Structures are given as C-alpha cells and as structure tokens.
Amino acid sequence: MSGLMERVTQKALALGVPLSVHLDLTWRCHLSCIHCYLTERNGRELTTAQLVRLLEELAECGTLFLLVSGGEVFLRPDFFEIVEAARELAFSVRVKTSGTLLDDEAARRLARLHVAGVDVSLYSHRPEVHDAVTRLEGSFARTVEAVRRLVAYGVKVRVVQVLMRMAEGEYSRVRELAAELGAEYSLDPTVTPRLDGSRSVVRLNASHAAWRKVFEDPELDAKPEHCPLSPEPQEAAQTAPEWDSLPCSAGHTSCYISPSGDVYPCVQFPLALGNVTERPFREIWADSPAARRVRSIRVADLPICRSCEFLNQCSRCPGLAYMEGDLTGPSRLNCEQVFARTGRRPAPLAE
Amino acid sequence: MSELYVARHPAAAWRRLEDEVIVMAAQESWLFTLNEVAAEIWEAADGRTPLASIVRDRICEKFEVDFEQAYRDAEELLRALAERGIVLLSETPLEAGTP
C-alpha cells in the first residue's frame, strides 16, 4: 500500500468510514466452479431501486472503492444500470466476472463508464484444466476472448488465478498468458471453506511445496501480508501485527454486502451485521453489536495467536478463524501456510 | 481576463473525507488528495460555473484570502490537474462534469 493509501485508510478508520465495499449483485452463476465458496444460488436479490438507494447510502457514508461481483454479474439484466448509478455517484468501480457472458458491446460500455478495472478469473493456461474447474466446456476460450475485448477498449484487466492443486505448478504460465493479453496478474493462494463452514473444497488447495514457491516468488503479490479476499485498497491494511493493532480491515474500513442485502465484515467472514432492507446501512455499520464486537478485537485479544512465534509472519484471517469456530482463535489454513513457508509447525497444528 | 470553466473529468472517482477530497484517477490507477481549499474548488467544478465565481464565492469568503492571489493559485492548480487529465478546462461552459 502506498503511503497515501495508508494515510487515507487510517483516516477512514479514525472516522469510521467504510472506504471499501464488496457488493455481490447475485449469487446466480452459469458456471459450477469446483472450489466455489457459495452455497446458495437462488436466494432473494435486492431490486434495482434498492441497489441504487444502497449505493446512495454508501456514497453518503464515504465509500469510495466498490467491488461489484457475484455470482456472475452479467446475469443481472440491470447490471449496467447499477454500474452507471455507481459511476454517477463517483465510486471507483471494479467489476469481477468470469467474462464468459461479456460481449463486445459490454466491453465498450464498461470502457465508457470508466470502471477502474475488471477482474477476470482464470485457473490455468490449459483450456481443458480451466474448463474442468468451471465445469463449462468452452469457458476458457470465452474468458480469454473477454480479456482481449476489454483490453482492446482500454479497460484495465486483472487476471486472477486461484491456486489449486491440479494447476499448482503452472501459475507462471498463466501469468505469461495474462501479460500476452495485456492484463495484470494476481494470484490468490487459498481455497477457502464454503460460507456454510463446509471444508470439502479445502482439499483443492495447493501443496505446501507449491505454497512455499508462491510465497517466495518476488514477482507475486501472494505474500503473507496480502489478503486476496479484500478489495485492493485494503490489501495491506494488515500491517505487521503490533500488540494493539487490528487483525485486519474487515468491519473496520471495509465490508461485504450479499445479493439479499446482508452486511458482513468481509465476503469470507459470515458474521451477519444486519440487512439493508430492514435497517439503513449507516445504522448497521455504526451500531451493529456484531460490528462493534469485531472492531473491539486487537491482536492482544487473540489468546493463542498473540503468543505465537510466527505472529509477524502470519496473515491470520479473522473470517477463516470465525468459520473454524472461534472469532479470536487461530485459522488452521493460515497456520498451514505458515508451516509451508517456514517449515515449522505453529502450535495449533501440533495439537 | 477571459472566463475559465472547470469540470471534473468523467473518469475520476472521488469522495470527501472530512476536510479533504480523495480522488482516484481511473486510467492511471493513482490516488491523490486535495486539501481543504482545493476540495472546495473540486466540488464546485460543474463545468458551468465560472472559476472566478467559484473562487469568489467559495474560497475568498471562507478562507479570507485575496481574490487575485486565490484565482492565480487556483488556475495554476487546475492547469496542472488538466495536464494529468483529472479536470477539464475551457473558456466556454462545459457539459456537466460527471461524476
């Protein structure tokens, strides 16, 4: 994080401003990715009018960075209406999509709306591997074509690869492909549990050896302090833990809002703070007891982690810890990554 | 002195954070902040209000500064921002600078 971004984040923290919001428009998706953390596909969704009103509220609260995601956002017929409203309200908008439904007209419109960028998921440089992950034949070709279209219209594209065991040795090829396409590249090293806590997908994670290689690769941003689950401006809000520092930005300067309007500290932190159809966002953000609880936790309040010798090398995710049963406990996934990186077992893994 | 009109560039994303304005220039992906005085000009930069009126009505009175000096400083700042594509400057009124 740049010095200025850090200063802005600190100011937002002091003022209680939700600087970054991740908004899922829908959980519907025509792909069936094998690692997907979503458990519900056809739940209630906010209407266009409710979403526009929510955007107005977020702007009033000071939110600047907006990640519009899903599900597949292009399954919402009002997608552009929502993005247009967001841009009229001066948000910096990033869009996350598989790209498989993005045609030439959509790419042109995104360019005209001056979105800050588009994140496109790509799981391998080999079509058959990518398609095996998405379980949609031809998805690789459509995604790559979408990247080309967006780049041709001048839209900044970031190819995002979730590292999985079946393609763990090939990430450099995906990075090369991204460069050939004129896109940036980002690697997310962690397959996280499903939102209902099910860990069935965690087995897809890369091996410790692959993790170590990734963590030691100077060209990657998959560093211990990097939180790929947060919108970009929040990435480095996790500074080296100090005794009184915050575990992460979730619930402090960033949050996640589900398609039905449920507010959570982060997409990977399913602790409900409230629903925007029942209470104004501002009140949820400011007064929710759950939000206050999350905000009250300091590193000193983590009974196991605070005395861990790897404290300063760990990217402990409070959302993962919460899903594993204890908001202030360690996250086994993070402990395993520390083990992969250092070759030494943190205490929770030794138990 | 000919009139000068200023509009926020349509690609910019921005938000007021207490006494300053944070601006994200989409194309370059860089961030900067405008101080209290510049923030006043930024918020008034609708492309239709002459810069002289903005300086007179929102700067001179609020910050108790001389018009000539304030106008020169404002114009210098805005020309620098225009060079970087953050604002649009014109001697005739502009379309509303959105967002």
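The model shown is predicted, which means the values in this text are computed figures rather than measured ones. Protein chains get the first letters and strands the later ones, always in sequence-line order, with residue 1 at the start of each.
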Chemist: Taking all non-hydrogen atoms of both residues into account, name the closest pair between A/Val8 and B/Leu17 and its distance.
Modeler: O-CD2, 4.0 Å
Chemist: Would you indicate whether the side-chain heavy atoms of A/Lys11 and B/Asp19 approach each other to under 4.5 Å?
Modeler: yes
Chemist: Going through the distances and angles, do B/Arg15 and A/Glu60 end up as a salt bridge (Lys or Arg N to Asp or Glu O under 4.0 Å)?
Modeler: CA-CA 9 Å; B/Arg15 198 68 73 218; A/Glu60 288 164 12; over 6 Å; no
Chemist: What part of A/Val17 is in contact with chain B, defined as an atom under 4.5 angstrom from a non-hydrogen atom: side chain, backbone, both or neither?
Modeler: side chain
Chemist: Can you establish whether the number of heavy atoms outside A/Arg292 located under 6.0 Å from its atom CZ is more than 12?
Modeler: yes
Chemist: Might you confirm whether atom CD of B/Glu64 has over 12 heavy atoms from other residues, nucleotides or ligands at distances under 6.0 Å?
Modeler: no
Chemist: Is it the backbone or the side chain of A/Leu64 that comes under 4.5 Å from a heavy atom of chain B, or both, or neither?
Modeler: both
Chemist: Check B/Met24 against A/Ser92 and note the closest heavy-atom contact, atom names and distance.
Modeler: CG-OG, 3.9 Å
Chemist: Are B/Leu31 and A/Phe65 close enough that some pair of their side-chain heavy atoms sits under 4.5 Å apart?
Modeler: yes
Chemist: Identify the two heavy atoms, one from B/Ala12 and one from A/Arg87, that lie closest to each other, and give their separation to 0.1 Å.
Modeler: O-NH2, 3.4 Å
